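Single-structure report; data block below.
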Amino acid sequence: MRALQLLLLLGMLLSPVTLSLARKPRRENRDREVYGNGKIFDITHEINPNMPTWESKDGLGQFIWLVDSMKNGSKLNSSQFKLSTHTGTHIDAPGHFYEEYYEAGYNVNSLDLDVLNGPALLVDVPRDSNITAEVMKSLNISRGVRRALFRTLNTDRKLMFKKEFDSSYVAFMEDGAKWLVENTDIKLVGVDYLSSAAYVNLISPHLIFLKKRKIILVEGLKLDNIIPGHYNVHCLPLRMIGADGSPARCILVK
């Protein structure tokens, strides 16, 4: 009986407000990737310690530190982070592969937001090949398409979810990059691993794409479970002076 009285007293002391404060916040949106009743798709990879980084076996590792902590008596939580400008889903600036562009200030601040936002075509690349001229021809991308996202075997293999860098990823070969530049109106090229150029042909495709500063490369896109076709893409880099690239938040909208 005495125990029951104590429980009743405790219940009166713990008002609904007190109980609500004691509950942990809901985390229902933590891993959400589809918004707007299925009309908005987040195609950005979550930055986390176990994601791959260029030529590393150990992944990204710790990248964020809580320098002010409420648990330790601070009035707020405040963090700092350290990342490569080419971490996860990111955008390349012309200065990434051209020293003269870097010196001239063609960094991420120089990128055309009109190119980074607008109608886009998501295509599936044949799974047994890098993106060559022959593959580009087979995709039948019509004139007038200014933004193309290329989903490859990288997505099927879930390479962006593996800690260790994988040099066997699929991307553009030199002839594929040249064919795109000469035979399409594409100004935004999006790929699903850390580089738009195949590891065995790393430099020349980048030089072809970035030469005239009219094509923007978006790398490390998350293209799982999205139906190929036409969307609006919105992809924004951080506005950082002097940066040859930047992590970005990219979405597709039906």
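Here the structure is a predicted model, which means the values were calculated and not measured.
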- [ ] Check Val125 against Ser129 and note the closest heavy-atom contact, atom names and distance.
- [x] CG1-O, 4.4 Å
Open item on the list: Does any part of the side chain of Ile251, heavy atoms only, come nearer than 4.5 Å to the side chain of Val233, both counted from C-beta?
Closed with: no
Task: Residue pairs involving residues 64-133 (criterion disulfide (SG to SG under 2.5 Å); sequence neighbours excluded) - done: none
TODO: Please confirm whether the backbone N or O of Met70 pairs with a side-chain atom of Asn77, one donor and one acceptor, at under 3.5 Å?
DONE: yes
TODO: State, with a plain yes or no, whether a side-chain heavy atom of Lys162 is found less than 4.5 Å away from one of Pro52.
DONE: no
- [ ] Give a yes or no on whether the backbone of Pro237 and the side-chain of Arg249 come within a donor-acceptor separation of less than 3.5 Å.
- [x] no
Open item on the list: Which heavy atom of Ile64 sits nearest to which heavy atom of Ser79, and what is that distance?
Closed with: CG1-CB, 3.8 Å
Open item on the list: Tell me whether Trp179 shares a hydrophobic cluster with Leu139, the cluster being built from Ile, Leu, Val, Met, Phe, Trp, Tyr side chains joined at under 4.5 Å.
Closed with: yes
- [ ] Could you state whether Leu116 and Leu252 fall into the same hydrophobic cluster, counting links through intermediate Ile, Leu, Val, Met, Phe, Trp or Tyr residues with side-chain heavy atoms under 4.5 angstrom apart?
- [x] yes
TODO: Report yes or no: does Asn130 contribute a side-chain atom to a donor-acceptor pair with the main-chain N or O of Thr132 at less than 3.5 Å?
DONE: no
TODO: Go through the steps for Tyr106 and Tyr98 under the test side chain to side chain contact (heavy atoms under 4.5 Å, CB included), then give the verdict.
DONE: CA-CA 9 Å; Tyr106 290 111; Tyr98 280 95; over 6 Å; no
- [ ] May I ask you to test the Pro49-Gln62 pair for a side-chain heavy-atom distance under 4.5 Å?
- [x] no
Task: Any side-chain heavy-atom pair of Val170 and Leu159 under 4.5 Å - done: no
Task: Crowding at CZ, Phe81 (>12 non-hydrogen neighbours, <6.0 Å) - done: no
Task: Beyond-backbone contact of Lys82 with Phe63, side-chain heavy atoms, under 4.5 angstrom - done: no
Open item on the list: If you compare all heavy atoms of Asn109 against all heavy atoms of Arg239, which two are closest, and at what distance to 0.1 Å?
Closed with: OD1-CG, 3.1 Å
Task: Distance-minimising heavy-atom pair for Pro119 and Arg147 - done: O-NH1, 2.9 Å
TODO: Taking only Lys NZ, Arg NE, NH1 and NH2, and the carboxylate oxygens of Asp or Glu, determine whether Arg157 and Asp166 approach each other closer than 4.0 Å.
DONE: yes
Task: Beyond-backbone contact of Phe172 with Val191, side-chain heavy atoms, under 4.5 angstrom - done: yes
Open item on the list: Within this structure, what is the CG-OG distance for the pair Asp68 and Ser74, rounded to the nearest 0.5 Å?
Closed with: 4.5 Å
TODO: Quickly, which of Ser246, Cys235, Pro247 forms a side chain to side chain contact (heavy atoms under 4.5 Å, CB included) with Ile91? Name it, please.
DONE: Cys235
Open item on the list: Does this structure show an ion pair linking Glu46 with Lys222, if we count only N-O contacts that are shorter than 4.0 Å?
Closed with: no
- [ ] Could you pull out the closest heavy-atom pair between Ala243 and Ala93, with the gap in Å?
- [x] O-CB, 4.0 Å
TODO: Tell me whether the centres of the aromatic rings in Tyr35 and Phe41 are closer together than 6.0 Å.
DONE: no
Open item on the list: Looking at Asp156 and Arg127, is there a salt bridge between them, counting it only when a charged N and a carboxylate O are closer than 4.0 Å?
Closed with: yes
Open item on the list: Taking Leu188 as the starting point, is it possible to reach Leu194 by hopping between hydrophobic residues whose side chains are less than 4.5 Å apart?
Closed with: no
TODO: Could you go through the side chain to side chain contact (heavy atoms under 4.5 Å, CB included) check for Leu236 and Leu113 one step at a time?
DONE: CA-CA 8 Å; Leu236 297 176; Leu113 294 184; 3.9 Å; yes
Task: Note, Met173 side chain near Val135 side chain (heavy atom, < 4.5 Å) - done: no
- [ ] Could you tell me if the ring centre of Phe165 sits under 6.0 Å from that of Trp54?
- [x] yes
Open item on the list: What I want to check is whether the side chains of Asp192 and Thr155 have a donor and an acceptor closer together than 3.5 Å.
Closed with: yes
Open item on the list: How long is the straight-line distance from CD1 of Ile131 back to CD of Glu174, given to the nearest 0.5 Å?
Closed with: 15.0 Å
Task: Pairing residues for Asp185 by the side-chain hydrogen bond (donor to acceptor under 3.5 Å, both in side chains) criterion, not counting sequence neighbours - done: Arg143
- [ ] Kindly compute the distance separating CG (Asn201) from CG (Asp175), expressed to the nearest 0.5 Å.
- [x] 8.0 Å
Task: Any donor-acceptor pair under 3.5 Å from Thr87 side chain to Leu83 backbone - done: no
- [ ] Would you please indicate yes or no on a ring centroid separation below 6.0 angstrom for His96 and Tyr102?
- [x] no
Task: Point-to-point distance, once rounded to the nearest 0.5 Å, from OH of Tyr231 to CD1 of Ile43 - done: 10.0 Å
Open item on the list: Please determine whether residues Val189 and Val115 belong to a single hydrophobic cluster, defined as Ile, Leu, Val, Met, Phe, Trp and Tyr linked transitively by side-chain heavy-atom distances below 4.5 Å.
Closed with: no
TODO: Begin with the C-alpha distance, continue with both residues' side-chain angles, and end with the deciding distance and a verdict on side chain to side chain contact (heavy atoms under 4.5 Å, CB included) for Asp114 and Arg146.
DONE: CA-CA 11 Å; Asp114 183 56; Arg146 297 186 66 217; 3.5 Å; yes
Open item on the list: Please tell me whether Leu223 and Ile227 are part of a single hydrophobic cluster in this structure, the criterion being side-chain heavy atoms less than 4.5 Å apart.
Closed with: yes
Task: For His206, side chain to side chain contact (heavy atoms under 4.5 Å, CB included) partners two or more places apart - done: Asp92, Phe97, Ser195, Ser196, Ala197, Leu202, Leu217, Glu219
TODO: Quick one: pull up NZ in Lys75 and OG in Ser78 and give me the separation to the nearest 0.5 Å.
DONE: 14.5 Å
Open item on the list: Go through it in stages, so that I can follow the logic: the residues are Asp224 and Lys158, the test is salt bridge (charged side-chain N to carboxylate O under 4.0 Å, His left out), and I'd like the CA-CA distance, side-chain angles, deciding distance and then a yes or no.
Closed with: CA-CA 9 Å; Asp224 312 69; Lys158 298 190 178 297; 3.7 Å; yes
Task: Sidechain N-carboxylate O distance under 4.0 Å for Lys187, Asp112 - done: no
- [ ] Kindly indicate whether the side chain of Phe150, heavy atoms from C-beta on, has any atom under 4.5 Å from the side chain of Leu121.
- [x] no
TODO: Evaluate side chain to side chain contact (heavy atoms under 4.5 Å, CB included) for His230 paired with Leu122, printing each intermediate quantity in order.
DONE: CA-CA 6 Å; His230 294 274; Leu122 170 61; over 6 Å; no
TODO: Might you point out which heavy atoms bring His86 and Gly245 nearest each other, and give the distance in Å?
DONE: CE1-CA, 3.8 Å
Open item on the list: Between Thr44 (side chain only) and Cys250 (backbone N and O only), is there a donor and an acceptor less than 3.5 Å apart?
Closed with: yes
